[in-house]
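I have a structure I would like to understand better, so I am pasting it below and will then ask my questions one at a time.
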Amino acid sequence: MRKTRALLGATIAGACAITALPAVAATAAGPTSAATIDVTGTYYPVSPARLLDTRSGLGAPVAKLGPGGTLDLQVAGRGGVPATGVGAVVLNVTITGPTAGSFVTAYPAGQVRPNSSSVNFPAGWLGSNNVTVKLGAGGKVSLYNRNGHTDVVVDVVGFYAADNTLAGRGMGSRYHPHPPHRLYDSRVDLKRPAGSVIDLTMRHGGDNPHVRALIVNVTVVDPESDGFVTVWSGVGERPTASTVNFAAGTVTPNLAFVQTRPCGEADFSCGPAGAPTFRLYASAEAHVVVDAFGMMDDGTLVFGRRFQPMNPTRIVDSRIGQGVPAALGPGATSAVTAPAAMVQKDEDVLVLNATAVAPTRNTVLTIWPADWPDTVRPTTSNLNPVAGQTVSAAVLAELGPNKRFNVHNNAGTTDVVMDVVGRFYWP
């Protein structure tokens, strides 16, 4: 049984984009006490908070991360993350001013550095990637840089419970995937002005009161200048953290776990009362595209998935025929089978970092579940690489009935690399 929702059409009203989803078929679970609930693998969003900025000395001394260098970042006990009981965190890792093409790997401190990457970038790049990483010794995360020197900025947006240590906080969120869907696209009208904000709302029918966060891919297209986009619930002042960092004239995506508020709890008009809403700020004039992939509930809906962190593990490298037999040509689709040791059921969702390696043309990579007879390739995108560059993006890869997902390349030829950092599982 496929436990996802079917999507209805989208409309745009005023300054607020509204997308509708029907309610989940099953009813919510009944209330439970803190003594009986199991919060293991559930998610707790936090207001985006900056943990590291090597430019200013926040979280580490003022210094670029050098070639072969490793920085241990204290995460537990900072930025709203508890000091104990946390299994993994969701970070936004930004690279700025690298002197050489390189990659940065985030992994649990105290463990052997894995053969994987979290952010891949060319010299001079400005950009960011959503990174889920298991906490290591002392509640720290290690950051390794392969080549050159680069500044690194890290913001935290949420965390997963390792066990029931955090039960006193109440039930955390569980993940519900839904078919990828375009929530907002400014290209149908005008670029977002510099300094502008917009509220985006997704109606979940009877599920509205149960939504705590939305999973979206935010893509900035052809900005007029360097800048950033920040998404947050819209409650309180805009945080200093950023979601997408971009250079002028580029196409830059990033996955975001964005905390929501019920419509009507802030001053902007956002659509149906109670519908989950978030706010988007653009610092520079640019087109902005937002694709939705799922939501985090309040822990009461059936079919919600919990998260199990893993040490980063490579499952695809088309350069050597691993997972995908060869580089993907124009219009090519390849099905990737999840390693048996990583999954138990077809309800699982792999959390991975997908990298396009030196595509011959500007292209788009799209990932979706394989083998479902009623599922076609969505019009959304997961990665928008530029010709000749090696870049990465976080992806939540939902599996089909044969425990496979599809990856499609739109134009040119590109190699693909994928590293798994965990899985969502049910029940």
Side-chain angles (χ1 to χ4, degrees), residues 1-10 19-27 174-183 185 202-207 214-217 255 291-297 301-306 315-316 318 321-352 354 363-383 393-411 414 416 418 420 422-427:
M1 176 181 178
R2 191 180 185 195
K3 301 168 181 66
T4 57
R5 299 171 174 78
L7 284 152
L8 303 178
T19 297
L21 283 170
V24 68
T27 57
R174 296 181 295 185
Y175 176 58
H176 296 258
H178 59 63
H181 180 74
R182 186 138 290 170
L183 173 61
D185 191 341
M202 178 170 281
R203 290 180 290 191
H204 276 259
D207 294 345
L214 293 174
I215 313 302
V216 297
N217 203 57
L255 190 75
D291 296 324
F293 294 90
M295 68 93 161
M296 307 299 291
D297 71 3
L301 297 178
V302 296
F303 303 144
R305 293 159 173 84
R306 300 171 186 264
I315 65 167
V316 171
S318 64
Q322 179 186 4
V324 171
L328 296 178
T333 298
S334 184
V336 177
T337 301
M342 288 188 174
V343 298
Q344 296 179 3
K345 302 178 180 179
D346 60 13
E347 290 91 354
D348 288 352
V349 177
L350 292 182
V351 181
L352 55 85
T363 188
V364 174
L365 294 184
T366 300
I367 295 171
W368 76 102
D371 307 319
W372 288 111
D374 60 340
T375 301
V376 297
R377 176 167 55 89
T379 58
T380 55
S381 62
N382 296 100
L383 188 57
V395 176
L396 305 187
E398 185 181 356
L399 303 179
N402 299 320
K403 300 180 180 178
R404 304 198 308 171
F405 63 88
N406 289 321
V407 55
H408 175 268
N409 174 49
N410 182 59
T414 186
V416 181
M418 296 183 182
V420 173
R423 70 177 180 113
F424 286 106
Y425 63 94
W426 182 88

Less than 4.5 Å apart, any side-chain heavy atom of R423 and any of R305?
no
Looking only at atom types and distance, does a side-chain atom of N217 sit under 3.5 Å from a main-chain N or O of D291, one as donor and one as acceptor?
no
Would a distance-only check, ignoring hydrogens and angles, find a side-chain to backbone donor-acceptor pair under 3.5 Å from S381 to T366?
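Side chain of S381 to backbone of T366, a donor-acceptor pair under 3.5 Å: no, none is there.
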Quick one: does M296's side chain get under 4.5 Å of R174's, heavy atoms only?
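They are not in contact (no side-chain heavy atoms under 4.5 Å apart), so the answer is no.
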4.5 Å side-chain heavy-atom contact, F293 and P177:
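Of all side-chain heavy-atom pairs linking P177 with F293, none is under 4.5 Å.
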Steps toward side chain to side chain contact (heavy atoms under 4.5 Å, CB included) verdict (R377, N406):
CA-CA 9 Å; R377 176 167 55 89; N406 289 321; over 6 Å; no
Is there a side-chain contact between L255 and I215 (heavy atoms, below 4.5 Å)?
yes
Side-chain contact, heavy-atom cut-off 4.5 Å: P325 with S334?
yes
Quick check for you: to the nearest 0.5 Å, what is the distance between Y175 atom OH and E398 atom CD?
7.0 Å
Atom of T375, atom of P369 and distance for their closest heavy-atom approach
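Shortest heavy-atom contact: CG2-O, 4.3 Å.
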Would you indicate whether the side-chain heavy atoms of L365 and T414 approach each other to under 4.5 Å?
yes
Counting only N and O atoms by type, is there a donor-acceptor contact under 3.5 Å from the side chain of N409 to the main-chain atoms of L328?
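Yes; at least one donor-acceptor contact below 3.5 Å.
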For H181, does its backbone N or O pair with a side-chain atom of T380 as donor and acceptor, under 3.5 Å?
no
Would you mind reporting whether V407 and M418 have side-chain heavy atoms less than 4.5 Å apart?
yes
Sub-6.0 Å ring centroid separation between F303 and W426
yes
Side chain to side chain contact (heavy atoms under 4.5 Å, CB included), that's the test. Do V349 and L399 meet it? Break it down for me.
CA-CA 6 Å; V349 177; L399 303 179; over 6 Å; no
Pair H408, N382 - check side chain to side chain contact (heavy atoms under 4.5 Å, CB included), show working.
CA-CA 10 Å; H408 175 268; N382 296 100; over 6 Å; no
Is Q322 atom CD crowded by more than 12 heavy atoms from other residues, nucleotides or ligands, each under 6.0 Å away?
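Enclosed: over 12 neighbouring heavy atoms sit under 6.0 Å from CD of Q322.
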Hey, what do you get for CG (L214) to CE (M202), rounding to the nearest 0.5 Å?
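Answer for the CG-CE pair, L214 versus M202, is 6.0 Å.
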Taking C-beta and beyond as the side chain, do R404 and V336 meet within less than 4.5 Å on heavy atoms?
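Side-chain contact under 4.5 Å: no.
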K403 side chain vs E347 backbone, donor-acceptor pair below 3.5 Å:
no
Sorted by chain and number, sequence neighbours left out, side-chain contact (heavy atoms from CB on, under 4.5 Å) with P339 holds for I315, M342
For a side chain to side chain contact (heavy atoms under 4.5 Å, CB included) check, start with the C-alpha distance between W368 and T333, then their side-chain angles and the critical distance, and finish with the verdict.
CA-CA 11 Å; W368 76 102; T333 298; 3.9 Å; yes
Closest non-hydrogen contact found for V416 with S318 is N-OG, 2.8 Å
To the nearest 0.5 Å, what is the distance between OG1 on T363 and CG on L383?
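One finds 9.0 Å between OG1 of T363 and CG of L383.
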Calculate, to the nearest 0.5 Å, the distance between atoms OH and CZ belonging to Y425 and R306 respectively.
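If I round to the nearest 0.5 Å, the distance is 6.0 Å.
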